[in-house]
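Inspection log for the structure reproduced underneath, given as structure tokens.
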Amino acid sequence: MNTSTPHIEVMRSQLGRARGLGAGQSGTAHWWAERASAVSLLPLSTWFVVQMFRLGGADHAEVARWGAKPCNATMLAAVIITTFYHAQVGLQVIVDDYVHGKAHLPTRLAVKIVTSLLGLLGVFAVIKLVAGGSSGK
């Protein structure tokens with residue numbers, strides 16, 4: 001008489017076995033955020049390059065008047081915010097892939113702080129341009 005326990009074979013796919021085993025959701029959200037910022041940068045960057053060619057021979061006062069217009073200031077702020085957000089997301093991937101151990105968290109924080117400060121500086125410059133351009137003339 002055979003008293004061994006019966007063998008039960010679980011028929012699950014690789015995906016079924018992987019579900020619930022880790023941070024599968026955050027990587028997807030990160031990937032989509034990176035792609036969405038890249039797609040939004042396409043028209044914004046195109047607008048910016050076209051405007052810079054239009055202002056190629058302009059003097060400082062003309063550029064200040066151009067930058068003081070609400071539509072242009074809004075687009076400039078959008079370019080700056082989206083660019084530095086995209087840079088932060090992209091650099092975070094590099095840090096996660098190549099920086100390990102005790103240096104990972106400080107490096108990740110440094111990337112967030114530096115990109116946020118640079119973006120804030122750019123937005124502040126646009127605000128200053130709007131304030132200076134509208135009060136000048």
Side-chain angles (χ1 to χ4, degrees):
M1 181 171 220
N2 190 357
T3 60
S4 65
T5 59
H7 176 62
I8 299 173
E9 187 173 328
V10 178
M11 303 290 283
R12 294 177 71 189
S13 68
Q14 295 291 332
L15 178 62
R17 280 186 241 139
R19 284 197 176 141
L21 292 180
Q25 300 292 329
S26 66
T28 305
H30 191 100
W31 186 87
W32 275 110
E34 191 173 11
R35 293 328 178 259
S37 64
V39 167
S40 65
L41 273 172
L42 288 172
L44 288 171
S45 298
T46 303
W47 172 84
F48 182 74
V49 169
V50 168
Q51 296 303 312
M52 292 304 104
F53 276 116
R54 282 186 59 231
L55 293 168
D59 61 347
H60 182 270
E62 188 178 342
V63 174
R65 279 192 304 275
W66 173 85
K69 294 178 183 176
C71 181
N72 293 334
T74 303
M75 291 294 284
L76 281 172
V79 168
I80 292 167
I81 291 167
T82 308
T83 298
F84 283 103
Y85 174 74
H86 184 73
Q88 177 188 348
V89 172
L91 288 170
Q92 182 179 334
V93 170
I94 293 170
V95 169
D96 289 344
D97 287 346
Y98 296 109
V99 179
H100 304 289
K102 292 181 181 181
H104 184 261
L105 183 62
T107 307
R108 197 166 176 180
L109 287 174
V111 164
K112 285 188 181 210
I113 290 169
V114 168
T115 54
S116 298
L117 284 177
L118 288 173
L120 188 63
L121 225 102
V123 171
F124 180 73
V126 171
I127 292 169
K128 188 173 178 185
L129 182 67
V130 170
S134 61
S135 66
K137 293 185 183 183

Scan the side chains in residues 47-58 for donor-acceptor partners under 3.5 Å anywhere in the protein, sequence neighbours excluded, and list what turns up.
residue : atom : partner : partner atom : Å
Gln51   : OE1  : Arg54   : NH1          : 2.6
Gln51   : OE1  : Trp66   : NE1          : 3.1

Notebook entry, point to check: In terms of hydrophobic clusters joined by side-chain contacts under 4.5 Å, are Leu118 and Leu109 together?
Noted result: no
Could you go through residues 32-45 and list every donor-acceptor pair under 3.5 Å that involves a side-chain atom there, pairing it with any protein atom two or more places apart or in another chain?
residue : atom : partner : partner atom : Å
Ser37   : OG   : Ala33   : O            : 3.2
Ser37   : OG   : Glu34   : O            : 3.0
Ser37   : OG   : His86   : ND1          : 2.7
Ser40   : OG   : Ala36   : O            : 3.2
Ser40   : OG   : Ser37   : O            : 3.0
Ser45   : OG   : Leu41   : O            : 2.8

Margin query: Side-chain heavy atoms under 4.5 Å apart, restricted to Ile/Leu/Val/Met/Phe/Trp/Tyr: what other residues fall into the cluster of Ile113, or is it alone?
Written below: Leu117
Next item on the list: Any pair with a residue in residues 105-125 that passes side-chain hydrogen bond (donor to acceptor under 3.5 Å, both in side chains), sequence neighbours left out, goes on the list, sorted by first then second residue, please.
Entry: none
Margin query: For Ala73 versus Gly67, what's the shortest heavy-atom pair and its separation?
Written below: CB-O, 3.6 Å
Check: Does Val89 sit in a hydrophobic cluster with other residues, and if so which ones, taking ILVMFWY side chains as linked at heavy-atom separations under 4.5 Å, directly or through other members?
Finding: Tyr85
Note to self: Running the 4.5 Å side-chain criterion over Ile, Leu, Val, Met, Phe, Trp and Tyr, what cluster does Leu121 land in, apart from itself?
What the structure shows: none
Notebook entry, point to check: Is Val114 linked to Leu91 within one hydrophobic cluster, defined over Ile, Leu, Val, Met, Phe, Trp and Tyr using a side-chain heavy-atom separation of less than 4.5 Å?
Noted result: no
Notebook entry, point to check: Of all residues at least two apart in sequence or in a different chain, which pass the side-chain contact (heavy atoms from CB on, under 4.5 Å) check with Ile80?
Noted result: Phe84, Val123, Val126
Check: Residues sharing Leu120's hydrophobic cluster, by side-chain heavy-atom contacts under 4.5 Å among ILVMFWY, directly or via others?
Finding: none
Tell me which donor-acceptor pairs under 3.5 Å the side chains of residues 96-105 have, and how far apart each pair is, sequence neighbours excluded?
residue : atom : partner : partner atom : Å
Asp96   : OD1  : His104  : NE2          : 2.9
His100  : NE2  : Asp97   : O            : 3.2

